[in-house]
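The next block holds one structure in the form of structure tokens; read it before the comments.
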Amino acid sequence: MPRTAGPIRLAELARLLGLEVEGDPGLEIGGFASLERAAPDELVFVRDRSHLAALAACPARAVVAPPGFALGGRSALRSERPAHDFSRL
């Protein structure tokens with residue numbers, strides 16, 4: 001996570017990565033996690049449709065995902081290379 005004293009807003013992560021926010025830009029992100037271990041305030045990523053079932057069971061409210069993926073109402077950072085952009089955080 002970028003070095004901050006606390007949570008960081010999704011809009012700030014989008015700015016740092018050069019990505020677009022879909023959903024709530026004010027959503028506060030407290031950390032990063034895998035789909036299997038994420039808390040509601042953590043950011044996760046999916047790189048292809050094979051991960052969508054795991055995402056459906058995940059409590060995370062924000063995700064880095066390719067354009068066009070249905071995300072069940074979650075806020076998103078849309079990326080052509082989600083794993084790469086997630087690793088930059």
Side-chain angles (χ1 to χ4, degrees):
M1 185 160 168
R3 306 277 188 244
T4 64
I8 187 168
R9 295 187 190 281
L10 195 59
E12 180 63 11
L13 291 175
R15 185 190 67 76
L16 291 169
L17 296 172
L19 300 175
E20 290 188 34
V21 175
E22 180 179 293
D24 181 3
L27 184 65
E28 292 190 340
I29 303 300
F32 309 102
S34 67
L35 290 169
E36 298 79 20
R37 297 182 182 256
D41 71 334
E42 293 180 309
L43 183 69
V44 298
F45 79 94
V46 294
R47 72 176 118 209
D48 58 51
R49 294 189 189 283
S50 69
H51 297 111
L52 293 180
L55 179 64
C58 178
R61 295 187 311 251
V63 59
V64 182
F69 281 33
L71 304 173
R74 289 175 178 81
S75 293
L77 298 177
R78 293 298 186 163
S79 169
E80 295 291 337
R81 298 171 52 196
H84 171 77
D85 286 324
F86 190 83
S87 74
R88 293 172 48 205
L89 297 170

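If you read the sequence from its start, that first residue is 1, and numbering goes on from there.
When the options Phe69, Phe86, Phe32 are evaluated for a ring-ring contact (aromatic ring centres under 6.0 Å, His included) with Phe45, the one that passes is Phe86.
Closest of all the heavy-atom pairs between Leu77 and Leu19 is CB-CD1, 4.1 Å. Contact record, Ser79 with Val64: CB-CG1, 3.9 Å, taken as the closest heavy-atom pair. Counting all heavy atoms, side chain and backbone alike, Ala54 lies closest to Leu35 at CB-CD1, 3.8 Å. For the pair Ala33 and Ala38, the tightest heavy-atom approach, listed with the atom from each and the gap, is CB-CA, 3.6 Å.
Hydrophobic clustering (ILVMFWY, side-chain heavy atoms < 4.5 Å, transitive): Leu43 and Val46 are in distinct clusters. Val63 and Ile29 are assigned to two separate hydrophobic clusters, defined by single-linkage of ILVMFWY side chains at heavy-atom distances under 4.5 Å.
For Glu20, the CD atom counts as loosely surrounded, since its 6.0 Å shell holds 12 or fewer non-hydrogen atoms of other residues, nucleotides or ligands. The 12-atom threshold is not exceeded at CZ of Arg81, counting heavy atoms of other residues, nucleotides or ligands nearer than 6.0 Å. By the 6.0 Å contact criterion, CZ on Arg9 is open, its count of non-hydrogen atoms from other residues, nucleotides or ligands being 12 or less.
Counting only heavy atoms from C-beta outward, the side chains of Leu17 and Leu89 approach each other to under 4.5 Å. The closest side-chain heavy-atom distance from Asp24 to Arg61 is not below 4.5 Å. The shortest distance between side-chain heavy atoms of Leu71 and Arg78 falls below 4.5 Å. Between Pro7 and Asp41 there is no side-chain heavy-atom pair separated by less than 4.5 Å. Two residues are said to be in side-chain contact when any heavy atoms from C-beta on lie closer than 4.5 Å; Arg47 and Pro66 fail this criterion.
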